[in-house]
Each structure stands twice: as structure tokens, then as C-alpha cells.
Amino acid sequence: MPAITLPDGSVRDYPGAVTGTMIAASIGPGLARAALAMEVDGALMDLSREIETDSHVRFITRKDAAALPLIRHDAAHVMAEAVQALYPGTQVTIGPAIENGFYYDFFRNDPFTPDDLPAIEAKMREIIAANAPFTREVWPRDAAIGFFEARGERFKAELIRDLPDGEAITVYRQGEWLDLCRGPHMRATGDIGPAFKLMKVAGAYWRGDHRNPMLSRIYGTAWRDQKELDAHLHQLEEAERRDHRKLGRQMDLFHMQDEAVGSVFWHEKGWRLYRTVESYMRRRQEQFGYREVRTPQLLDRALWEKSGHWENFRANMFIAEVEDEDKILALKPMNCPCHVEIFKHGLRSYRELPLRMAEFGACHRYEPSGALHGIMRVRAFTQDDAHIFCTEDQIASETVRFVDMLRLVYADFGFAEFTVKFSDRPTPRAGSDDVWDRAEAALQSACAQAGVSYALNPGEGAFYGPKLEFVLRDAIGRDWQCGTFQVDFVLPERLDASYITPESSRARPVMLHRAIVGSFERFIGILIENCAGRFPLWLAPTQVAVASIVTDANDYAETVAANLKSAGLSVATDLRNEKINAKIRDLSLSLVPNILVVGRREAEQNTVALRRLGGDAQEMLSLDEAVSILKTEATTPDLR
RNA sequence: GCUGUCAUAGCUCAGGGGUAGAGCACCUCAUUGGUAAUGAGGAGGUCGAGGGUUCAAUUCCCUCUGACAGCACCA
């Protein structure tokens, strides 16, 4: 006699075991038509499942966002059926719902190509039109293994073997086709609806391990209705429109070429942007008590052996040799050992701690070719790196100080929102549990003091200590990990750094590795995508352009430009033999934030007509006014 | 690194076994204009590199390099 409690609090009694379908029907025909699945005491289930005990039940309909994973998962099943119908002999593996859609990994000798997608999608629409019911069956383990092996589905058989004992082996059938699946599913293939699209093919390792066979993965996106699908496709276009590689070319910021894979050729405008970011960071660092240093690019192998990099990071290091000397050098992949060497130069007193050593350190890392991505993931990059040498007691206050600075910097760059991940002790690790307890506790209390809430990222810390990772959210909701803060007890030990305590003895400092923007290359890529090339004025590579209407006004335009320049603004002139319409258009397309239009009238009256990017209004101003307004607006946030 | 796709003018792209085309950008000339394209003309390519097949390869095949997407990687 189960009593079913519904979300509105009402309770219905049933004479015996009931299925979700029956409950929905007893509530009303509308719900019976709309219900796709149900949540029983919080667990998602097929409508066909029987409920025997008192439960809370909530029905999932298409209006419910919880329908999305169901639609996507069902679509993955339908795709697998379509693929096996069209390409017999293809083995199925797994096919989950993911953010925005689904995928299914197949094993076959000839991987799928994009050309195969239309046929598969068409077949899927047939299967959906047939509206075959999904039915759930529980099979004995051996029977399931035997069944899939007999079909040559060795991946499925392996999955079943690896399921924990006691877990029910469930199989879902849709028409003639069936698949091992935990479920749940909707009622029938027709519930998927038409709002899906196959997107791309890709390789993916079986169980995510590169030692395993490469499978052929097909990605699809699926939504509740066409409007949602269109919105998603539009969002993809939006991301493409903001692509820093495209904007970097259009705005003439930088380029990359084959002879320097993974390294950036910064053009004048891009380098101006870079310098703006760098000098801003330099001022902020000075303000927060950092001392800037500069250390070598090429260092002897011996140092890297001592630091542990030769052992742990060798595969990512560029090695250099010279003919006349029997030496092996390496381009530095990190700055930390160099900073320890500076710290060690001469005797350090406890009075100098915390010692905050900063460097815009140019590093090289041999990244796998497939990891490279525009200027976001490169092989030569510059970090806003710093190492804080301090005592254990100082960890908490230094963390607070760092988070204060980071918050300020992110806000200045227009990122109001960021999240924090706390990565605690990994295995294997260096250092005793006692030291880890202290380090983690210090970091935790520091987070509390700094008002930072974080998500735990268990076991993902560095081998030498726990770390915080700071993740930005950009204008279109994408996350970017930039900042990092790591507590290190190991490197000072390995490189034998010490300071003199108040008692005149030697003690090991703790090292805090930290960065805010991470790498300038990556951060600038994020900035470009965040604002879609429309930089806030202080960052804009060209802050204002002066466009003349007639050649008679060219001299005046030059005067205007000179005035702006001496006010510290970055100015371009457009004195071409073109109509003002063409100049406005070209300058607008190149995303120059301000255009000053000058003709005979302005030249006579010593005025300018200001036009802002994105607007079509003009503002008549005296030259002095215009310079002063723009100068104020272009002031970097830390100098306001 | 792995799988797939791709590589043609500065950019965006079309073409295709008989040594190449458009638009924009560029250059020249005319035009001097009032807020998102003035007109005319011109120049510009070893079709990513190397090899093979062929009478003939930019086109077909192989290798390499690089880019793109995903996977793996990302102290």
C-alpha cells in the first residue's frame, strides 16, 4: 500500500505496487502525456519502474531542465543503434550525456569522418520517428557477458566484468536494438524530439588512457526544443566570433608561424597591449611589497638535477648544447630554482621575511603539439611569477595579502567573478603528514580570513604542498584557470635555502609559489575573448583615431594627434584620400574605441567631433576638452 | 603524442591531371567629401615542403611540416 507524496505535499495511496506511468495517469491525462521520467526519493527512474513503498515522487516533463540529460542520454543510445545499423561490425562502448549534448565512443578499424554524420543523423531521425519504447531488463551477469561476447562486443563485456558484484546488470531495449545501460531512460525514442544535431568526430582513448586503443567518438548536441538548439548554436558562433586567434589577426596584434611553433610574434599593437598589462602588474606588485628580479634563461643541467626538475620535468624541457664545451644547458621551464639561488646569495635574516621575489619570467616548456592553442597554450611564455620566502607562521597572512591583490587585479581587468579550488595532498607526495597537516590548516584558515570560499579538489595538490587555483568566469560564461598559490616545503630543502633565526640558528624558509594572471600570453588571449576585441580604453592598443574629412584638415588632424600623444594616449591618424564614411567604417571595424573627426570647421574652431565605438552620435568638443576627457578615461585603474 | 579534417594571393574563400580565380586589402590616377564601403586602372601566387605515378601533378599516391577539433597532457 504505497503512499506517494507529490511535490505539492499531497499524498496518494495506491492499493499495491504502482508504476510511474500509473501514478501519472491517476493524476491526470495531461501529466500522463507529458511525464518522461520520475524522481523517486531523489533518484531518477524510468516511469515503468514499480514503486512498492511509501515514496516522494516528482515527474520530469519536457519543461523541466532535468529532462535535458535524459534527452541526451537517449539520443546517445539512438545514435549507437543508427551507427550499428549503418556500419555493421562497429563495436559500442560508452555513450554518456555531457554538458550541451552527448557522445558515443565506437570501436572500428576505419574511424568515422565528418562525411558519415549526415547519414547517421538521418537514421537517428528514422529511429526517433518509429518511437520505439525503451524497456528495462535485469540480466544475470554471466548471461550478459556471454551475450555481448557472442556479439563480438568485447568492450561491453569488459565493462560488465568490471561492475562491482551485487550491482544489477541492466539492459535497455529500444525496438530490435539493446545496450548495457544503467538508465534511466524516457518512455520511447520519440521523446528525444527533433532538436539535436551531430557536431563532430574525434578520437578518444578507451577509458581515457593513452595506452588503450583509440576509439572513434561522435559528438552531438541535443535540446528540449528547436529554440534551445538554435540558442546553443548561436553561442558557439559567438565564441567563434570572439576567438583570439581570429581577432589577433584582424586587429594586427600578433602572429604565429611554422618556424617558431608555440611562440608568439607580437606586433606593435599587441605588444603595446602586453606592455600595458605588464606595467600595470609591475605597479601592483610594487604596491604589494614585491621586489622584482630577472634571472637567466639558460642554466646548467646540474641545477635542474638539484631542484628535481631533471627527474620530474625533463620531458617538458628544451635542452641546449654548445660544440666547444662539454656542457648541457636547459631553457628554464620555471623560475623557482633561480629565485632560490638569489635568496641563497648571502646570508638571509629572519628580519627579511617575508621576502616577496617577483619576476616576469620568460619560460619555455615543450608542450605536446596537440596541446598548443593560439597564444593561450604555448611553448614560450612569460609568467607574472613570484616566490614568497617566509616562515610557516607567515603563510596565513601572506595568503590573505595575495588574495587581496588577486581580487583587485581581476576586478581591474573586468572579471568580477572568480572561483577557487583547494587542491590538497596527493599521493605520492613529499614531506611528512605532520607538515601537510600544518600546511593545509594554514591555507584553510587563510582562506577563511581572506573570505575565500572554495571547492575541494581532493588529491590534486602539487607533490610539495597544497595549492589554491583561481578560476575566472568570462563574459560568455566560460571558465579560465589563471591564478595559482602553492605552499612548498620541498624546494628550499632540496636547494638548501636557509635564513638566520632570532636565536642565531639556521632555519628553512617556506616558499609560496604564486601567479595572478598566470602567463601573459594566455591572459591576453582571455582578455581578447572576454571583450571580443572591444577593449576597455586603458587596454586598447589604439585608444583614439583622428580622421580628416578633407585633405585641407590634415595638418589640423596632425596637431590634434600630437596633442593626444603628449597626453599619453595611443593615437592613430587616418589621413587617407578616402571619404569620411569609409574612414569611419574601417576604424569601427578595427574596433578603435574613439574616433575624432576633423574637417575645415573643426580646424577653424579648434574643435573635434568625438564618435564612440558602437554609437553613431557625435559630440562636439574643444580640442582641450577632448584631450582631457580621453586622458581621464584612459587612466589605468590603479592610477585613478 | 593519438584519431580525424585541413593547407590555393596579405585576409576570406572558389576551382581542378594540360603550370590558377573572386571579393576585400595593397599600389596608381581621378575625385576633396560631414559620420559604417567614391570611381577607374594596376600589381600580386614554385597552389605548405620533399618524393612517387604520369607525356604532363597545384590536382592522384606516399612521407614530412604546420593548423584546426577532440582525446591524452597541463607541479
Side-chain angles (χ1 to χ4, degrees), chain A residues 98 103 105 108 110-117 199-219 240 243 245-246 249-250 252 255-262 307-309 311-313 315-316 333-334 336 365-374 376-379 381 423 426 429-430 460-467 469 481 484 486 488 490-491 513 518-519 522 547-554 576-590 595-602 609-620:
Chain A
I98 53 171
Y103 68 78
D105 284 347
R108 64 194 301 254
D110 298 317
F112 293 108
T113 74
D115 295 341
D116 297 324
L117 297 185
M199 302 298 284
K200 57 196 170 195
V201 295
Y205 299 108
W206 169 235
R207 299 192 147 178
D209 190 325
H210 68 278
R211 289 163 302 195
N212 286 341
M214 177 69 70
L215 306 171
S216 183
R217 174 175 296 180
I218 301 178
Y219 281 95
E240 205 173 310
D243 192 313
R245 295 164 298 190
K246 194 176 158 175
R249 200 184 304 117
Q250 276 173 11
D252 195 20
H255 84 271
M256 320 272 284
Q257 68 184 47
D258 294 1
E259 287 82 356
V261 173
S307 71
H309 286 83
E311 193 185 338
N312 294 305
F313 209 70
N316 290 293
M334 299 180 195
C336 23
R365 291 184 195 170
Y366 180 77
E367 300 285 353
S369 58
L372 301 175
H373 179 81
M376 301 262 216
R377 185 90 182 262
V378 287
R379 288 177 176 162
F381 55 92
S423 299
R429 58 181 175 269
E460 291 295 313
F463 69 88
Y464 46 73
K467 65 179 177 186
E469 284 161 349
Q481 189 181 310
T484 183
Q486 308 165 2
D488 180 4
V490 172
L491 210 55
H513 305 237
S519 104
R522 177 176 157 80
S548 57
I549 294 172
V550 292
T551 42
D552 283 353
N554 281 1
R576 291 176 302 164
N577 179 9
E578 285 292 350
K579 291 192 172 174
I580 193 63
N581 286 298
K583 295 186 183 185
I584 297 284
R585 179 184 151 84
D586 291 347
L587 292 168
S588 300
L589 287 175
S590 63
I595 303 173
L596 295 184
V597 176
V598 296
R600 287 200 188 89
R601 208 153 63 221
E602 286 77 9
L610 171 61
R611 182 190 167 112
R612 309 279 193 173
L613 178 62
D616 51 9
Q618 316 155 44
E619 206 180 338
M620 286 300 294

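To find a chain, count down the sequence lines: A is the first, B the second, and so on, and within it residues start at 1.
In this structure, A/I580 atom CD1 and B/rG33 atom C1' are separated by 9 Å, rounded to whole Å. When the P atom of B/rU32 is taken as reference, atom NZ of A/K579 falls 10 Å away, rounded to whole Å. Atoms OH (A/Y219) and P (B/rU3) sit 17 Å apart, rounded to a whole Å. For the pair A/M214 CE and B/rG4 C1', the interatomic distance rounds to 10 Å; values are reported in whole Å. Taking atom CG of residue A/N312 and atom P of nucleotide B/rC74, one finds them 12 Å apart after rounding to whole Å. As rounded to whole Å, 12 Å separates atom C1' of B/rC71 from atom NE2 of A/H210. A/R211 has its CZ atom 15 Å from the C1' atom of B/rC71, to the nearest Å. Atom CG in A/D586 sits about 7 Å away from atom P in B/rA25, given to the nearest Å.
Here the separation of B/rA22 from B/rC61, taken at their C1' atoms, is 31 Å to the nearest Å. B/rG4 and B/rC11 have their P atoms separated by 28 Å, given to the nearest Å. For the P atoms, the distance from B/rU8 to B/rC60 is 15 Å, rounded to whole Å. For the P atom pair drawn from B/rU65 and B/rG42, the interatomic distance equals 43 Å after rounding to whole Å. Separating the C1' atom of B/rU32 from that of B/rU38 is a span of 11 Å, rounded to the nearest Å. Across the P atoms, B/rA40 and B/rC24 are found 10 Å apart, a figure rounded to whole Å. B/rA9 and B/rA20 have their P atoms separated by 14 Å, with the value rounded to a whole Å. Of the C1' atoms belonging to B/rU53 and B/rU59, the separation is 13 Å, rounded to the nearest Å.
Here A/A371 lies in heavy-atom contact (under 4.0 Å) with a base. Among the protein residues, A/G461 comes within range of no part of the nucleic acid, since none of its heavy atoms lies under 4.0 Å from any strand. Across all strands, A/K583 comes closer than 4.0 Å to no nucleic acid atom at all (heavy-atom distances). In this structure, A/M256 reaches neither bases nor backbone, as no heavy-atom distance under 4.0 Å exists between it and the strands shown. Using a 4.0 Å heavy-atom criterion, one finds that A/L215 contacts no nucleic acid atom at all.
The closest side-chain heavy-atom distance from A/S588 to A/L613 is below 4.5 Å. Annotation: side chain of A/D116 is not in contact with side chain of A/V201 (no heavy-atom distance under 4.5 Å). The side-chain heavy atoms of A/H513 and A/K467, taken from C-beta on, include no pair separated by under 4.5 Å. Looking at A/I584 and A/R611, their side chains come closer than 4.5 Å, going by heavy atoms from C-beta outward. A/E460 places none of its side-chain heavy atoms less than 4.5 Å from the side chain of A/P426.
Evaluation of atom-type donor-acceptor distances gives a pair under 3.5 Å for the side chain of A/E602 against the base of B/rG34. Between the side chain of A/T113 and the base of B/rU5, no donor-acceptor pair of N or O atoms lies under 3.5 Å. Taking 3.5 Å as the limit, the base of B/rC74 and the side chain of A/R522 contain no donor-acceptor pair of atoms between them. Within 3.5 Å, no donor on the side chain of A/Y366 pairs with an acceptor on the base of B/rG1, nor the reverse.
Side chain of A/P111, nearest nucleotide from B/rA72, B/rA37, B/rG4: B/rG4. Of all nucleotides listed (B/rC73, B/rA36, B/rA72), B/rC73 comes nearest to the side chain of A/R377. Residue A/A609 has its side chain nearest to B/rU35 when only B/rC73, B/rA36, B/rU35 are considered. In the set B/rC73, B/rG34, B/rU5, B/rU5 carries the atom at the smallest distance from any side-chain atom of A/P114. Closest to the A/R217 side chain, of the nucleotides B/rU38, B/rC71, B/rC73, is B/rC71.
Both A/D616 and A/M334 lie close to RNA chain B; mapped to their nearest nucleotides by heavy-atom distance, the more 5′-ward contact belongs to A/D616. Between A/D209 and A/D552, the residue anchored closer to the 5' end of RNA chain B is A/D552, taking for each the nucleotide with the nearest heavy atom.
Closest approach of A/R365 and A/P333 over heavy atoms only: NE-O, 2.9 Å. What you find for A/S548 and A/I580 is that their closest heavy atoms are O-CD1, 4.0 Å.
Taking a pair as Watson-Crick or G-U wobble with both distances under 3.5 Å, the runs of three or more consecutive pairs in RNA chain B are B:1-7 with B:65-71, B:10-13 with B:21-24, B:26-30 with B:38-42, B:48-52 with B:60-64.
Between the side chains of A/R217 and A/Y219, at least one donor N or O lies within less than 3.5 Å of an accepting N or O.
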Using nucleotides 7-15 of chain B, report all nitrogen or oxygen pairs with the protein that are shorter than 3.5 Å.
{"unit_1": "B/rU12", "atom_1": "OP1", "unit_2": "A/R249", "atom_2": "NH1", "d": "2.8"}

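Listed for the A/E602 side chain is a donor-acceptor partner under 3.5 Å among the backbone atoms of A/G599.
Taking 4.0 angstrom as the limit, A/R207 places none of its side-chain polar atoms (N or O) nearer than this to OP1 or OP2 of B/rC71. An OP1 or OP2 oxygen of B/rA36 is reached within less than 4.0 angstrom by a side-chain nitrogen or oxygen of A/R611. Put simply, A/N581 has a side-chain N or O that comes within less than 4.0 Å of OP1 or OP2 on B/rA36.
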**Message:** One character per nucleotide, please: for nucleotides 61-69 of chain B, 5' to 3', B when the base has a protein heavy atom closer than 4.0 Å, S when only the sugar-phosphate does, - otherwise.
**Reply:** -----SSSS
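A salt bridge links A/D209 with A/R211: at least one charged nitrogen is closer than 4.0 Å to a carboxylate oxygen.
With a 6.0 Å cutoff to the six-membered ring centre and a 45° limit on the axis angle, A/R379 does not count as a cation-pi contact of A/F381.
Counting non-hydrogen atoms of neighbouring residues, nucleotides and ligands closer than 6.0 angstrom, the CD atom of A/Q257 exceeds 12 such neighbours.
For the atom pair CG (A/L215) and CZ (A/R207), the distance works out to 11.0 Å, reported to the nearest 0.5 Å. Between atom OH of residue A/Y464 and atom CD of residue A/Q486 there is a gap of 3.5 Å, rounded to the nearest 0.5 Å.
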**Message:** For a side chain to side chain donor-acceptor pair (under 3.5 Å) check, start with the C-alpha distance between A/E311 and A/H309, then their side-chain angles and the critical distance, and finish with the verdict.
**Reply:** CA-CA 5 Å; A/E311 193 185 338; A/H309 286 83; over 6 Å; no
